[in-house]
Amino acid sequence: MTSNYDDHDLPQQRPDSRRAPRRVRDFFSVPAPVKRVFDRFPLLTYPANDLPHHAGSGRSGNQLFVFIDAAGARRGRPSFNPQCLKWQAYLRFMGIDFELVPSNNHASPSGFLPFLLPALPVGTDAPIPSNKLQNWAIEEVHCEEEQQLNVRFEVYSSLLDTRIRNAWLYHLYLNHENFEAVARRLYVDPSTTNTAVRFALAAQLQQAARDELLKSSPYIDAGALEAEAAEAFEALSTVLGDKDYFFERPNPGLFDASVFAYTHLILDQKMGWKYNRLQQLLSQYKNLVQHRARLLEFF
């Protein structure tokens, strides 16, 4: 497991070696027998990991690799990760069949989930990353309507990618109660049984959330994040209006899947939230709650 910082980020303290006691230098020196072993077998840098072995030959359908437990994958349940759930829902809305495969970022060729291994052409092992899934899906079902994305789509997508996502990051990773009850259970504990590694992984996840939030603000204000999420929910409720799906579409599309990825997880009691201010804010907009329930029927 790698750390979240490089050596150059650490304070560089170089004491005068002439003043260092001999016993300190001896303590950090490599014993001769160990040095001879490494001289014979020098450290090597190995290439990137191949795809999981079970995902290769012999598969009969499309495989979507997402954050999910084995039981959820067998039953086709929604992923507990918003990015994974977005594409899981979108492919289902498009009528594309696929098998869910529990995975993690370390198993992904791009370093991020989700990714898909297509059933066709037969024999291919070339994965499709999330940023190419929409184009692949459009080609699969020959749906030209999906290509007609307009400015409204991009504007409202920014609400999801910034205001709601930022509130989600704080809600899940930086609220202590939620981190212990939800994030640790879903992301940390399944990764390893080693206590020290779990501690380090938990710290990395929380620090990554802090770093992401500090990109847009000099400090993290929970109240401000919740207020921005509330404004985003209000805007989404306004654009949905009394329609079944966003932008007056007859069927759910990518934006519906993007909204559902957050609204479902925020409202899902099975997530085990201890503090759920986002649920209180979202529940004020009945059309968004009904939109989530309507799309949940696909699962």
Could you tell me if the side chain of [Y] sits less than 4.5 Å from the side chain of [X], heavy atoms only?
X	Y	result
P102	D69	no
D268	R292	yes
Q279	Q269	yes
S108	F65	no
Q280	N276	no
L236	I164	yes
S191	N104	no
F98	R92	yes

Which atom pair, heavy atoms only, marks the closest approach of [X] to [Y]?
X	Y	result
V182	G272	CG2-O, 3.6 Å
L295	D256	CD1-O, 3.7 Å
R210	I220	CA-CD1, 4.0 Å
P252	F298	CG-CZ, 3.8 Å
Q88	R77	NE2-O, 2.8 Å
R185	K270	NH2-O, 4.2 Å

Between [atom1] of [X] and [atom2] of [Y], what distance do you get to the nearest 0.5 Å?
X	Y	atom1	atom2	answer
N81	L186	CG	CG	9.5 Å
N166	E226	CG	CD	12.5 Å
I128	K132	CD1	NZ	9.0 Å
K243	E248	NZ	CD	5.0 Å
D161	Q83	CG	CD	8.5 Å
S130	L64	OG	CG	10.0 Å

Would you say the side-chain atoms of [X] pair up with the backbone N or O of [Y], donor to acceptor, closer than 3.5 Å?
X	Y	result
N287	D242	no
N251	F93	no
Q206	Y173	yes
R198	T192	yes
N175	H171	no
N178	L172	no

task = Could you go through the side chain to side chain contact (heavy atoms under 4.5 Å, CB included) check for L240 and L288 one step at a time?
result = CA-CA 8 Å; L240 177 62; L288 294 181; 4.0 Å; yes
task = Ignoring hydrogens and angles, state whether a donor on the side chain of N135 or E139 is under 3.5 Å from an acceptor on the partner side chain.
result = no
task = Check the side chains of H291 and D244 for a donor-acceptor pair under 3.5 angstrom, ignoring hydrogens and angles.
result = no
Hydrophobic clustering (ILVMFWY, side-chain heavy atoms < 4.5 Å, transitive) - are [Y] and [X] grouped together?
X	Y	result
Y275	M271	no
L91	F112	no
F199	L174	no

Can you tell me how the ring of [X] sits relative to the ring of [Y], calling it parallel under 30°, perpendicular over 60° and tilted otherwise?
X	Y	answer
W87	Y90	perpendicular
W168	Y262	perpendicular
F255	Y156	perpendicular

message = Applying side chain to side chain contact (heavy atoms under 4.5 Å, CB included) to N62 and L117, what does each step give before you reach the verdict?
response = CA-CA 6 Å; N62 302 311; L117 288 183; over 6 Å; no
task = Compute the centroid of each ring, for F233 and then for Y285, and state whether the two points are separated by less than 6.0 Å.
result = no
message = Please report whether the ring centroid of Y187 lies less than 6.0 Å from that of F67.
response = yes
inquiry  = Between E180 and K274 (salt bridge meaning N to carboxylate O under 4.0 Å), is one present in this structure?
reply    = no
query = Between L85, L113, L100, which is the residue that forms a side-chain contact (heavy atoms from CB on, under 4.5 Å) with V66?
reply = L100
task = I would like to know whether K86 and F260 meet side chain to side chain contact (heavy atoms under 4.5 Å, CB included); could you show each step before the answer?
result = CA-CA 7 Å; K86 168 185 173 179; F260 174 76; over 6 Å; no
request  = Please indicate whether N131 has more than 12 foreign heavy atoms, meaning atoms of other residues, nucleotides or ligands, lying under 6.0 Å from its CG.
outcome  = yes
task = Evaluate side chain to side chain contact (heavy atoms under 4.5 Å, CB included) for F115 paired with L133, printing each intermediate quantity in order.
result = CA-CA 8 Å; F115 70 92; L133 273 176; over 6 Å; no
